[in-house]
A.B. asks: 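Dropping a structure here in structure tokens format, bear with me for questions.
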Amino acid sequence: MAFVSITNIVVDDKPQPFTSPITMDIYFDVIADIEDEIEWTLLYIGSPKDEAHDQILDQFSMGPLTKGTKQFTLESNPPDWKKIPQDEVLGITAFILTCSYRHREFFRAGYYVYNTYTSPENIENDPQEVIIEDIARQIFNNKPRITRFEIDWNNAINSEVQQQPIETKAYMFQEQQEKQSADATEIYDAPHQIQNVFDS
């Protein structure tokens, strides 16, 4: 049984300036008292092609935690656009929020993001140099990609089962690439792994 269950994440899906802060309202239940901290990480995928451009936007811990319903607002600085390949600032990418206990990840939520120019002139002409002041960011919150991992909450730090690292670009983009290459078949997520549970 999981000692912590994330029950809802509220993300503003209205277009925002790329350079504006990122905010999320996070709700979770603590099923049983836990003596150590849980750690949250917010990651931005700078390039679906290369994880070297991923940026950790925020990372923090909270705890120990007592049984009950909890809520907090995560507010993070935006990604550093100068660290993103210039030809990949615009278009589709993603944020990934993870939560871990004793260094073992038990929850992951991915949100697709669309970055685009707002002025008709820049949309039509696609400037050679990035004009960051004219770029808007929109987070798609209707179908997040949710994964819950089973861990040993009583002895997570000494568990003999090693947790394999997850490639961020594969997590968010591999399925889309497979769908594009498929002729007439639709690829479904494994139901025991992926759940779209935060539909708005």
A.B. asks: Okay, side chain of D13, backbone of N141: is any donor-acceptor separation there less than 3.5 Å?
C.D. replies: no
A.B. asks: Give me the atom names and distance for the closest heavy-atom approach of G46 to I84.
C.D. replies: O-CG2, 3.3 Å
A.B. asks: Indicate yes or no: at least one non-hydrogen side-chain atom of I96 is less than 4.5 angstrom from one of Y44.
C.D. replies: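 Of all side-chain heavy-atom pairs linking Y44 with I96, none is under 4.5 Å.
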A.B. asks: With clusters defined by side-chain heavy atoms of hydrophobic residues (ILVMFWY) lying less than 4.5 Å apart, directly or transitively, does V30 cluster with I9?
C.D. replies: yes
A.B. asks: If you group Ile, Leu, Val, Met, Phe, Trp and Tyr by side-chain heavy-atom gaps below 4.5 Å, do Y117 and V113 land in one group?
C.D. replies: yes
A.B. asks: Taking the side chain from D12 and the backbone from K14, do they hold a donor-acceptor pair closer than 3.5 Å?
C.D. replies: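 Looks like yes, one N/O pair under 3.5 Å.
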A.B. asks: Just by distance, do the side chain of R102 and the backbone of N154 share a donor-acceptor pair under 3.5 Å?
C.D. replies: yes
A.B. asks: Work out which heavy atom in P78 is nearest to a heavy atom in F18; give both atom names and the distance.
C.D. replies: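 It is CB-O, 3.3 Å.
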A.B. asks: Any ring pair (Phe, Tyr, Trp, His ring centres under 6.0 Å) pairs touching residues 65-84, not counting sequence neighbours?
C.D. replies: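 Every pair satisfying ring pair (Phe, Tyr, Trp, His ring centres under 6.0 Å) with a residue in residues 65-84: W40-F72, F60-F72.
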A.B. asks: Distance from I26 atom CD1 to T73 atom OG1, nearest 0.5 Å?
C.D. replies: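 Those atoms lie 8.5 Å apart.
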A.B. asks: Checking S76 now: which residues fulfil side-chain contact (heavy atoms from CB on, under 4.5 Å) with it, not counting sequence neighbours?
C.D. replies: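 With neighbours one apart ignored, the set is L42, L57, D58, L74.
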A.B. asks: Hey, what do you get for CZ (F107) to CD1 (I146), rounding to the nearest 0.5 Å?
C.D. replies: 4.5 Å
A.B. asks: Less than 3.5 Å apart, any donor N or O on the side chain of S47 or D50 sitting next to an acceptor on the other?
C.D. replies: no
A.B. asks: Does Q86 use its side chain to pair, donor to acceptor, with the backbone of Q128 at less than 3.5 Å?
C.D. replies: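 Pair found, side chain donor or acceptor close to backbone of Q128.
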A.B. asks: Flag the pair K67 and D33 as a salt bridge only when some basic side-chain nitrogen lies within less than 4.0 angstrom of an acidic carboxylate oxygen.
C.D. replies: no
A.B. asks: Is the shortest side-chain N to carboxylate O distance from E39 to R104 below 4.0 Å?
C.D. replies: no
A.B. asks: Measuring only between side-chain heavy atoms, which start at C-beta, is F95 closer than 4.5 Å to R137?
C.D. replies: yes
A.B. asks: May I have the step-by-step check of side-chain contact (heavy atoms from CB on, under 4.5 Å) for T116 and I135, ending in yes or no?
C.D. replies: CA-CA 5 Å; T116 184; I135 296 178; over 6 Å; no
A.B. asks: Determine yes or no for a side-chain-to-main-chain donor-acceptor pair under 3.5 angstrom, with D29 supplying the side chain and I31 the backbone.
C.D. replies: no
A.B. asks: Which distance, rounded to the nearest 0.5 Å, do you find between the CD of E133 and the OG of S119?
C.D. replies: 11.5 Å
A.B. asks: Is L65 close to I38 at the side-chain level, that is, under 4.5 Å between some pair of heavy atoms?
C.D. replies: yes
A.B. asks: For the backbone of P79 and the side chain of K83, can you confirm whether one donor and one acceptor N or O come within less than 3.5 Å of each other?
C.D. replies: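 Not a single qualifying donor-acceptor pair exists.
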A.B. asks: Find out whether Y114 and F140 are in side-chain contact, i.e. whether some heavy atom of one side chain is under 4.5 Å from a heavy atom of the other.
C.D. replies: yes
A.B. asks: Are Y27 and I6 close enough, and set up right, to give a side-chain contact (heavy atoms from CB on, under 4.5 Å), and what steps lead you there?
C.D. replies: CA-CA 6 Å; Y27 300 79; I6 288 78; over 6 Å; no
A.B. asks: Does the side chain of T98 reach to within under 4.5 Å of the side chain of L43, using non-hydrogen atoms?
C.D. replies: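 Sidechains of L43 and T98: no contact.
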A.B. asks: Measure the shortest side-chain to side-chain distance between V11 and T23 over non-hydrogen atoms and say whether it is less than 4.5 angstrom.
C.D. replies: no
A.B. asks: With a 4.5 Å cut-off on side-chain heavy-atom distances among I, L, V, M, F, W and Y, is there a chain of contacts connecting M24 to V10?
C.D. replies: no
A.B. asks: For a quick test of reading the model, state the closest non-hydrogen atom pair linking S100 to E105 and the distance between them.
C.D. replies: OG-CA, 3.4 Å
A.B. asks: Does any non-hydrogen side-chain atom of N115 lie less than 4.5 Å from one of T93?
C.D. replies: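 A side-chain contact exists here, since the closest heavy-atom pair is under 4.5 Å.
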A.B. asks: Decide side-chain contact (heavy atoms from CB on, under 4.5 Å) for T69 and T7; before the verdict, give the C-alpha distance in whole Å, the side-chain angles of both, and the deciding distance to 0.1 Å.
C.D. replies: CA-CA 9 Å; T69 298; T7 56; 6.0 Å; no
A.B. asks: Is Q55 reaching over with its side chain to a backbone N or O of D80, donor-acceptor style, under 3.5 angstrom?
C.D. replies: yes
A.B. asks: Is any side-chain heavy atom of Y101 less than 4.5 Å from a side-chain heavy atom of V4?
C.D. replies: no
A.B. asks: Would you give the length of the straight line joining atom OG1 of T41 to atom CG of L97, rounded to the nearest 0.5 angstrom?
C.D. replies: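 It is 8.0 Å, given to the nearest 0.5 Å.
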A.B. asks: Take R145 and R108 through the test side-chain contact (heavy atoms from CB on, under 4.5 Å) and record every step on the way to the result.
C.D. replies: CA-CA 8 Å; R145 191 171 175 84; R108 171 175 290 227; over 6 Å; no
